[in-house]
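Counting starts at 1 for both ligands and their atoms, in listed order. For clarity, every value in this text was computed on a predicted model and none was experimentally measured.
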Amino acid sequence: MIYFDHSATSPIRREVHEEVLKYSDVPSNASAQHIYGRKSRYLIESARNTILQNLDIVDNYNVMFCSSATECNNTIINSFLDKAIVTSNIEHLSILNVVKDNCHNKHYIPCLPSGIVDLKYMEYLLKQLFDNNVSMLVSIMYANNETGIIQPISQISQLCKKYGASLHTDACQVVGKIPLFFDSISPDFITISSHKIGGPLGAAALIYKKGSLLKPMILGGGQEKNLRSGTENLHAIIGFAKAVDIVQNHLDDYQKNVSILRNVMEQRLLQHSAQIIGANMIRLPNISNIVMKGVSAEVQLIKFDLSGICIGSGASCSSGKIGQSHVLKAMGYPDEIVNSAIRVSLSDTNSLEEVEKFVSTWSDIAQS
Ligand code: PLP
């Protein structure tokens with residue numbers, strides 16, 4: 001099988017697997033006083049440190065471990081329900097749905113046809129809220145998971161500082177993909193996730209500036225400094241930290257190799273009259289959103305699958321049903337484009353041969 005759906009989830013890296021296996025016999029209740037408890041605690045604190053060090057933010061930030069990026073995003077929005085929430089209409093549903101259902105004072109920044117959020121409107125809105133003494137949380141993703149388009153996060157951060165807003169950024173698609181400048185951008189909260197970078201499922205981190213106020217969603221024994229109760233998922237956390245360490249230390253090679261694959265693929269597809277969403281925008285090197293006019297995404301996915309190629313629709317896809325992409329809709333694309341777009345997401349484990357096979361299959365499907 002050819003796996004081109006790494007932005008949905010990426011298989012566990014061999015080194016991560018080996019690292020987790022080293023500790024598989026440690027009974028893993030990090031709250032226990034006995035030797036295994038102390039060992040688990042040490043491993044969890046080391047993992048926290050490894051993540052912060054690899055992201056170069058060890059001095060000012062702390063990590064709350066939890067189960068998924070969805071949980072991180074729910075936690076941050078639920079922590080600010082008494083404030084105004086400012087988000088965009090291209091966020092992941094783990095932001096949009098909790099904002100829709102739980103927030104009273106919510107504001108959406110539209111996205112421009114180019115795929116980035118409208119900074120002019122954002123400035124206008126933040127100024128209005130600021131002038132009315134409204135406290136606010138801004139939550140904007142670092143890069144979009146469907147198009148790969150990188151958001152102007154430095155400028156967003158500057159606006160937040162100017163108008164006294166806290167900033168959360170969902171960065172789970174960008175870790176290990178592009179150089180990150182969290183230290184200078186200085187968001188108050190950052191979401192990152194293990195299984196998007198070849199770590200185990202079941203671990204994610206809500207990274208927060210020291211001294212920030214978060215409200216726990218899960219109550220119980222008070223683990224994670226009272227922010228997220230429940231026995232920590234030691235083995236997933238160990239694997240997560242190892243994955244962060246690997247991807248951050250192979251960033252140059254990753255960017256070079258994956259960009260080559262992506263660029264070859266897109267150049268070849270353009271010769272077959274594909275449309276690439278956001279082709280001229282600054283994008284993550286691994287994501288390509290490709291339109292095959294006249295063929296629905298659903299039909300494409302089935303045909304690729306029958307040809308041994310796993311692709312994601314990019315749009316919200318649960319229980320096997322593909323929804324319409326709210327991201328492409330927000331960019332203003334008509335239904336015939338939205339319904340014919342698929343997301344290809346590559347990794348450094350893919351090869352040029354796989355790309356060639358994908359392109360020839362794509363062209364066969366387009367002509368059938
Ligand atoms: N945020 C972004 C940008 C994502 O791409 C995803 C998953 O695709 C999530 C959040 C949710 O991740 P999870 O399903 O691991 O909770």
*Verdict with reasoning, Ile150 to Val174, per side-chain contact (heavy atoms from CB on, under 4.5 Å)*: CA-CA 9 Å; Ile150 298 172; Val174 297; 5.6 Å; no
Item to complete: Before signing off on this row, confirm whether Ser94 and ligand 1 have an N or O atom pair separated by under 3.5 Å.
Response: no
Sub-3.5 Å N/O-N/O distance, Lys196 and ligand 1 = yes
query = Does any N or O in the side chain of Ser157 come within less than 3.5 Å of the main-chain N or O of Pro187, such that one atom is a donor and the other an acceptor?
reply = no
Under 3.5 Å: donor-acceptor pair, side chain of Ser340, backbone of Val295: yes
At a 4.0 Å threshold, what atoms of ligand 1 neighbour a non-hydrogen atom of [X]?
X	result
His195	13 (P), 15 (O)
Cys172	1 (N), 2 (C), 3 (C), 4 (C), 10 (C)
Met141	3 (C)

So which heavy atom in the protein is nearest [atom], and how far is it from that ligand atom?
atom	value
atom 1 (N) of ligand 1	Asp170 OD2, 2.6 Å
atom 5 (O) of ligand 1	Gln173 NE2, 2.8 Å
atom 13 (P) of ligand 1	Thr70 OG1, 3.6 Å
atom 12 (O) of ligand 1	Ala69 CB, 3.5 Å
atom 4 (C) of ligand 1	His92 CD2, 3.4 Å

Should Glu354 and Lys357 count as an ion pair when the cut-off is N to O under 4.0 Å?
no
Could you tell me whether Glu45 and Arg48 make a salt bridge, using a distance below 4.0 angstrom between a side-chain N and a carboxylate O? yes
Correct closest heavy-atom pair for Val63 and Glu224 would be O-OE1, 3.8 Å
The side chain to side chain contact (heavy atoms under 4.5 Å, CB included) partner of Ile178 among Gln173, Gln255, Arg283 is Gln255
